[in-house]
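Can you keep this structure in mind? I'll have questions shortly.
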Protein chains: 2
Amino acid sequence: MLKLTKKADYGLMALKYLAEHPEMPALSAKDVADAYGIPAQLLAKILQQLTKSGLLRSHAGMNGGYALARDAREISAFEVILSIDGPFFITSCTKGKTGCELTPSCTIKEPLARVNETIAGVLKSISIQDLAEHESPAPRAKESQQLVSLNR
Amino acid sequence: MLKLTKKADYGLMALKYLAEHPEMPALSAKDVADAYGIPAQLLAKILQQLTKSGLLRSHAGMNGGYALARDAREISAFEVILSIDGPFFITSCTKGKTGCELTPSCTIKEPLARVNETIAGVLKSISIQDLAEHESPAPRAKESQQLVSLNR
DNA sequence: TGTAATTCCGACAGAAACGGTCGTATACTG
DNA sequence: CAGTATACGACCGTTTCTGTCGGAATTACA
């Protein structure tokens with residue numbers, strides 16, 4: 001759980017790829033898909049979605065394709081994920097404006113909202129640019145793996 | 001996306017409930033389920049899982065039920081979620097030990113591993129106790145809602 | 001000893017989400 | 001007009017999630 005969908009991954013990869021090729025006025029969905037071995041049609045839909053959200057600019061016809069709508073530094077991972085996976089947020093409760101419908105009780109979400117905020121913050125702090133130059137900040141995270149799995 | 005499963009929610013709620021009733025030597029799955037309107041059988045399985053992971057102690061028979069295995073301060077949300085939802089972690093890639101199978105390319109996961117770490121850290125910093133006394137630390141997070149939804 | 005309460009556990013079913021494909025319409029280039 | 005692309009909706013198979021059912025083992029208590 002708590003993992004991104006493949007779509008979101010694909011989206012991030014695609015944007016990263018675009019950021020790495022600023023010389024190209026546009027890259028087609030197929031170009032990017034081939035570069036990573038992603039199903040082309042699926043990626044196409046993802047890029048269309050990102051275009052609708054204003055993160056990309058598209059251009060049909062020959063030599064058409066997609067390009068970043070803004071500087072890679074100005075596009076956050078948060079926006080990409082939000083665009084593709086939709087509004088998410090930790091608690092199953094948090095739907096729309098009204099809290100939990102069933103429970104008068106779901107006091108859980110209050111502290112969890114902070115977690116939410118933190119995650120969103122981290123995601124917002126990471127730009128496509130950071131992904132492209134993938135030796136960004138931070139201490140490598142060698143032992144980020146205490147996912148030793150109690151079970152499953 | 002990025003949201004907890006209902007099971008994890010239920011699990012957290014249940015532990016919180018147990019933490020709020022330290023006077024009881026044990027509470028049955030049904031007790032907790034009724035308190036929140038959660039399907040009893042489902043909650044039962046969740047509590048069994050938490051028991052297997054060592055977060056709860058169970059006792060069968062009349063007046064049996066579940067109790068926290070440790071002090072509520074010593075049980076983190078991280079452990080609960082890990083127990084119920086299993087090892088998760090951001091990138092779809094990160095499976096087992098080997099990285100992405102398809103892509104020689106998935107350089108994305110490197111920066112995202114940091115995000116992962118951060119999230120895990122936050123989750124670990126929140127104890128069941130924090131949930132129980134739900135006026136814990138932190139600045140309320142009033143405007144934690146910029147989930148205005150670009151789409152969907 | 002018997003009965004009720006309760007955990008334990010596996011199997012299964014319905015529903016939703018995910019990942020991916022297909023077909024077609026539309027737009028742009030030359 | 002022909003070719004290259006995006007745009008978009010419908011559909012499908014698989015997996016995951018949520019929840020239910022049925023039965024077995026355990027314990028308390030009268």
Side-chain angles (χ1 to χ4, degrees), chain A residues 1-11 13-14 18 24-34 36-53 55-67 69 81 84-88 91-93 95 102 151-152, chain B residues 1-11 13-14 18 24-34 36-53 55-67 69 81 84-88 92-93 95 101-102 151-152:
Chain A
M1 241 299 110
L2 240 81
K3 70 181 184 317
L4 265 43
T5 59
K6 273 190 184 169
K7 286 185 188 178
D9 267 0
Y10 292 163
M13 287 192 246
L18 292 178
M24 302 295 286
L27 286 168
S28 74
K30 187 164 184 311
D31 290 338
V32 182
D34 288 350
Y36 291 104
I38 300 173
Q41 308 208 69
L42 179 55
L43 182 61
K45 280 209 297 197
I46 294 168
L47 297 181
Q48 283 159 29
Q49 175 59 46
L50 291 171
T51 303
K52 259 204 284 191
S53 300
L55 303 182
L56 291 178
R57 246 192 288 274
S58 68
H59 190 56
M62 270 182 108
N63 301 320
Y66 298 90
I81 295 168
I84 297 173
D85 285 347
F88 37 88
T91 53
S92 324
C93 309
K95 39 157 53 183
L102 301 171
N151 58 295
R152 259 205 187 173
Chain B
M1 240 302 111
L2 240 79
K3 70 181 185 317
L4 266 43
T5 59
K6 274 192 185 169
K7 285 186 186 177
D9 267 0
Y10 291 164
M13 287 193 245
L18 292 178
M24 302 294 288
L27 286 168
S28 75
K30 188 165 185 311
D31 290 338
V32 182
D34 288 351
Y36 291 104
I38 300 174
Q41 307 207 68
L42 180 55
L43 182 61
K45 282 209 295 198
I46 294 168
L47 297 181
Q48 284 159 29
Q49 175 59 46
L50 291 171
T51 303
K52 258 203 286 192
S53 300
L55 303 182
L56 292 178
R57 246 193 288 273
S58 67
H59 189 57
M62 272 184 107
N63 302 320
Y66 298 89
I81 294 168
I84 296 173
D85 285 349
F88 38 86
S92 325
C93 309
K95 39 156 52 183
E101 58 305 320
L102 300 171
N151 59 294
R152 259 208 186 172

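The chains referred to below are lettered A, B, ... by the order of the sequence lines, with proteins before strands, and numbering in each begins at 1.
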Side chain to side chain contact (heavy atoms under 4.5 Å, CB included) partners for Met62(A), two or more places apart: none
Within residues 41-48 of chain A, residues whose heavy atoms come under 4.0 Å of DNA chain D: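 Of all residues in residues 41-48 of chain A, the ones placing a heavy atom under 4.0 Å from DNA chain D are Lys45(A), Gln48(A).
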Sequence-aligned protein contact record of nucleotides 25-30 of chain C, with B where the base is within under 4.0 Å of a protein heavy atom and S where only the sugar-phosphate is: --BBB-
dT6(C) OP1/OP2 closer than 4.0 Å to side-chain N/O of Ser58(B):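 So the side chain of Ser58(B) is outside the cut-off, no N or O lying under 4.0 Å from OP1 or OP2 of dT6(C).
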Separation of dA5(D) C1' from Leu56(A) CG (nearest whole Å): 15 Å
Euclidean distance, atom CG of residue Leu4(B) to atom P of dT18(D) [Å, nearest integer]: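 Roughly 10 Å, once rounded to whole Å.
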Distance, rounded to the nearest Å, where Lys30(B) contributes NZ and dA4(C) contributes P: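 Roughly 16 Å, once rounded to whole Å.
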Interatomic distance where CD belongs to Gln49(B) and C1' belongs to dC17(D) [whole Å]: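 Nearest whole value for this atom pair: 15 Å.
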Separation of atom CG in Leu27(B) from atom P in dA5(C), rounded to whole Å: 17 Å
Check: Arg57(B) side chain, Ala69(B) main-chain N or O, donor-acceptor pair, under 3.5 Å: yes
Under the side chain to side chain contact (heavy atoms under 4.5 Å, CB included) test, residues paired with Pro39(B) that sit two or more places apart: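 Partners of Pro39(B) by the side chain to side chain contact (heavy atoms under 4.5 Å, CB included) criterion, ordered by chain and then number, come out as Tyr10(B), Leu42(B).
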All side chain to side chain contact (heavy atoms under 4.5 Å, CB included) counterparts of Lys30(B), not counting sequence neighbours: Ser28(B), Asp34(B)
Nucleotide dG19(C), atom C1' - distance to CE of Met13(A) in whole Å: 13 Å
Presence of Tyr66(B) side-chain N/O under 4.0 Å of dT6(C) phosphate oxygens OP1/OP2: no
From CA spacing to verdict: side-chain contact (heavy atoms from CB on, under 4.5 Å), Met24(B), Tyr66(B): CA-CA 10 Å; Met24(B) 302 294 288; Tyr66(B) 298 89; over 6 Å; no
